[in-house]
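The analysis underlying the following values was restricted to heavy atoms, covering all of them including side chains, and did not include hydrogens, waters or symmetry mates. Chain identifiers are assigned alphabetically (A, B, ...) following the order of the sequence lines, protein sequences preceding nucleic acid strands; residue numbering begins at 1 within each chain.
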Amino acid sequence: MAHEMTESKEHVLPVATYLKVYGALIVLTYITVQVSLLDLASAAIYVAMAVAAIKAVLVIAYFMHLKFDDRVNAFVFLSSLLFLGIFFALTMIDLGSRDSVVDEEGNFALRDSNAAASAMPAPAPQPSASAKP
Amino acid sequence: MTTVSLEAPPPPAPHLEHHFADAGQQKSAAKLGMWIFLATEVLFFGGLFMAYGALRYLYPGTFTAAHRFLSVPMGGLNTVVLITSSLTMALAVRSAQVGDRKMLPRMLVATLLLACVFLAVKYVEYHHKFELGLLPGRYYHSEIAIAGLPHVFFGVYFVMTGLHAVHVIAGIGVIGWILLRSRQGAYSQAYHTPVENVGLYWHLVDLVWIFLFPLLYLVK
């Protein structure tokens with residue numbers, strides 16, 4: 001066909017590659033569950049998210065073909081992760097620093113950071129938390 | 001390089017829309033469009049993951065207490081089901097790429113069946129929660145003693161898995177459509193862009209669950 005020159009190159013992966021990625025995903029799922037049974041306290045969520053991220057990279061790179069695709073697609077996807085990261089970071093920084101600007105009743109009151117350690121985090125005042133009929 | 005010829009140029013491929021220079025450009029544009037859509041989906045679910053993060057930060061005891069009512073075996077099963085469906089979907093796309101017209105519908109059917117298994121397991125899980133009264137927000141009416149604010153946890157649980165399930169249902173719809181079209185012989189080695197794009201969507205549905213499962217079911 002005369003249009004071959006400008007056809008996008010079709011990169012076909014062997015079936016074996018897909019099966020290997022699948023195997024890795026199943027193993028990682030098993031690891032996720034097993035690790036959750038250990039008592040890792042506050043590290044648990046970070047370990048779980050790290051394993052999930054490895055699984056995600058495998059799905060994105062191979063099943064979704066991003067490793068072999070036009071770079072602009074990867075750029076689009078990675079930029080969504082970047083903005084998600086900014087969203088998470090700023091929100092958690094806000095929540096995490098509420099202690100130093102909010103007093104026990106949840107009112108805005110600047111205080112110095114030394115006093116923050118003694119106070120519980122104060123969420124916004126609940127209208128009526130109880131929903132019991 | 002072709003020599004100059006006085007013959008008319010070959011007619012463009014039937015699937016080529018007039019506003020694209022060639023099939024390669026059309027396909028690149030379609031794929032880019034789908035990746036942009038997936039970026040919006042990432043942010044869509046991202047909002048809910050942020051809600052999870054914020055509420056978990058504020059009410060850690062609630063999450064520790066309430067998450068025990070989720071069935072890890074069922075969640076784990078669903079994770080395996082979705083990962084397998086991603087494999088069959090990737091193999092379906094591959095069949096289209098190599099022009100294997102028998103394997104394509106078979107892999108799509110396999111993906112569809114696995115998606116239905118996922119929904120069936122979710123139905124069983126939801127039914128169990130309805131029976132116990134473990135419902136979101138103001139519909140919560142369970143007599144089980146759960147520390148903290150369980151209606152908040154179940155609010156997060158039902159909205160996140162519910163929105164995900166809506167995406168699974170939509171996925172079943174589009175995969176069904178692709179299956180129908182593939183049986184009509186619409187896809188070939190030269191043209192199978194819709195199969196690839198539906199595949200990308202389906203992988204995203206899997207990706208969301210890959211994060212949902214540990215956060216809701218596993219992390220204490």
| A:Val35 and B:Leu218, any side-chain heavy atoms less than 4.5 Å apart | no
| Is there side-chain contact between A:Met64 and B:Trp35, with heavy atoms separated by less than 4.5 Å? | yes
| Got a second to check how far A:Tyr22's OH is from B:Thr84's OG1, nearest 0.5 Å? | 2.5 Å
| task | Please determine if A:Asp70 and B:Lys31 form a salt bridge, counting it only when a charged side-chain N lies under 4.0 Å from a carboxylate O. | result | no
| task | Measure the shortest side-chain to side-chain distance between A:His65 and B:Glu196 over non-hydrogen atoms and say whether it is less than 4.5 angstrom. | result | no
| request: Counting only heavy atoms closer than 4.5 Å, note whether B:Thr40 contacts chain A via side chain, backbone, both or neither. | output: neither
| task | Please flag which part of B:Leu91 lies under 4.5 Å from any non-hydrogen atom of chain A: side chain, backbone, both or neither. | result | side chain
| field | Donor-acceptor contact present, side-chain B:Arg94 to main-chain A:Leu13, <3.5 Å | value | yes
| request: Pick one of side chain, backbone, both or neither for A:Val59, based on which atoms fall under 4.5 Å of a heavy atom in chain B. | output: side chain
| message | Between A:Thr29 and chain B, with a heavy-atom cut-off of 4.5 Å, which part of the residue counts as in contact: side chain, backbone, both or neither? | response | side chain
| field | Residue B:Val42 versus chain A: region with a heavy atom under 4.5 Å | value | both
| message | Between B:Phe213 and chain A, with a heavy-atom cut-off of 4.5 Å, which part of the residue counts as in contact: side chain, backbone, both or neither? | response | side chain
| task | Answer yes or no: are there more than 12 heavy-atom neighbours, outside B:Lys220 itself, under 6.0 Å from its atom NZ? | result | yes
| field | Part of A:Asp69 within contact of chain B (heavy atom distance under 4.5 Å) | value | side chain
| message | What part of B:Gln26 gets within 4.5 angstrom of chain A, counting heavy atoms only: side chain, backbone, both, or neither? | response | neither
| Minimum side-chain heavy-atom gap B:Met34-A:Asn73 below 4.5 Å | no
| field | Spacing of CG belonging to B:Leu204 relative to CZ belonging to A:Phe77, to within rounding of 0.5 Å | value | 6.5 Å
| query | Relative to chain A, which segment of B:Ile36 carries a heavy atom at a distance below 4.5 Å: side chain, backbone, both, or neither? | reply | both
| remark: Applying a strict 4.5 Å limit to non-hydrogen atoms, the region of B:Ser86 in contact with chain A is both
| Taking C-beta and beyond as the side chain, do B:Leu207 and A:Lys55 meet within less than 4.5 Å on heavy atoms? | no
| note | So, the part of B:Leu87 with a heavy atom under 4.5 Å from chain A: the answer is both
| request: Answer yes or no: does atom OH of A:Tyr62 have more than 12 heavy-atom neighbours from other residues, nucleotides or ligands under 6.0 Å? | output: no
